[in-house]
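Worksheet: one structure, shown below.
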Amino acid sequence: MKRIALFASGSGSNAEQIATYFAANVDVEISLIVSNNSKAGVIDRARRLHIPVLLFDRKTFYDTDRINELLQKQSIDLIVLAGFMWLMPEAIVRSFPNRIINIHPALLPKFGGKGMYGHFVHEAVVEAGEAESGITIHYVNEQYDEGQIIFQASCAVLPTDSPDDVARSVQVLEHAHYPRIVAEVLATLDQPKP
Ligand code: GRF
């Protein structure tokens with residue numbers, strides 16, 4: 001049995017897709033939805049999906065080791081960030097080497113880094129006159145959006161597209177690919193280290 005902790009601070013549509021994808025899989029459990037935002041849509045989704053929620057504030061996250069300890073106590077195998085905005089504390093990154101992944105709504109290394117999230121990303125893509133955008137799924141390290149890339153998929157951006165249009169195309173890619181890539185990363189955890 002592999003145990004996943006999903007970190008999300010927003011609507012949680014990706015978190016729900018992932019939970020639904022694994023719902024019938026007896027070898028994978030979404031053990032926890034972890035969030036810093038009690039008003040986030042993901043909390044309602046977690047209740048509906050009967051997944052325990054762990055809420056925390058900034059001080060607990062950055063000034064104590066409580067979240068890290070809890071993740072270890074719960075034997076979490078993989079941390080999946082799905083719309084989680086805060087930088088992972090170094091201690092958690094060190095405790096989960098190659099076991100934290102994130103999805104970014106653009107084709108990294110373009111349009112990444114601090115402040116590049118949500119609609120800011122899609123606005124920047126349109127502003128730059130890009131012909132395509134997409135998703136990047138990557139390992140997480142101590143820097144925003146700089147961990148090793150696992151998977152990318154792209155979509156066209158038309159000259160007439162608004163940031164909301166781009167957001168919609170990107171979300172289709174996120175839902176189509178993220179659960180499957182999570183499954184692939186879980187499978188690699190079983191492989192012996194070279
Ligand atoms: C997604 O666009 C994801 O790429 C980004 O945050 C958004 C989360 O959306 N990191 P949702 O909360 O899963 O609907």
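Positions are given from 1 along the sequence. Keep in mind it's a predicted model, so treat the numbers as computed, not measured. All ligand and atom numbering here is 1-based and tracks the order in the structure.
Aromatic ring orientation, Trp86 versus Phe61: tilted (interplanar angle from 30° to 60°).
Taking any N or O of His104, backbone or side chain, none lies under 3.5 Å from an N or O belonging to ligand 1. At least one N/O-N/O distance between Ile103 and ligand 1 falls below 3.5 Å. At a 3.5 angstrom cut-off on N or O pairs, Asn14 counts as close to ligand 1.
Between the side chains of Ser133 and His122, no donor-acceptor pair is found at a separation under 3.5 Å. Between the side chains of Gln152 and Thr136, at least one donor-acceptor pair of N or O atoms lies under 3.5 Å. No side-chain N or O of Asn37 forms a donor-acceptor pair with one of Ser9 less than 3.5 Å apart. No donor-acceptor contact under 3.5 angstrom links the side chains of Ser13 and Arg45, judged on distance only.
With a 4.5 Å cut-off on side-chain heavy atoms, Asn14 and His175 count as touching.
Taking every non-hydrogen atom of Ser11 and a distance limit under 4.0 Å, the qualifying atoms of ligand 1 come out as 12 (O), 14 (O). Within ligand 1, counting atoms from 1 as listed, the ones closer than 4.0 Å to a heavy atom of Ser13 are 11 (P), 12 (O), 13 (O), 14 (O).
Nearest protein neighbour of atom 8 (C) of ligand 1, counting heavy atoms only, is Gly83 CA, 3.6 Å. In this structure, the protein non-hydrogen atom closest to atom 3 (C) of ligand 1 is Glu174 OE2, 3.1 Å.
Comparing heavy-atom distances from atom 12 (O) of ligand 1 across Ala167, Gly41, Gly12 singles out Gly12 as nearest.
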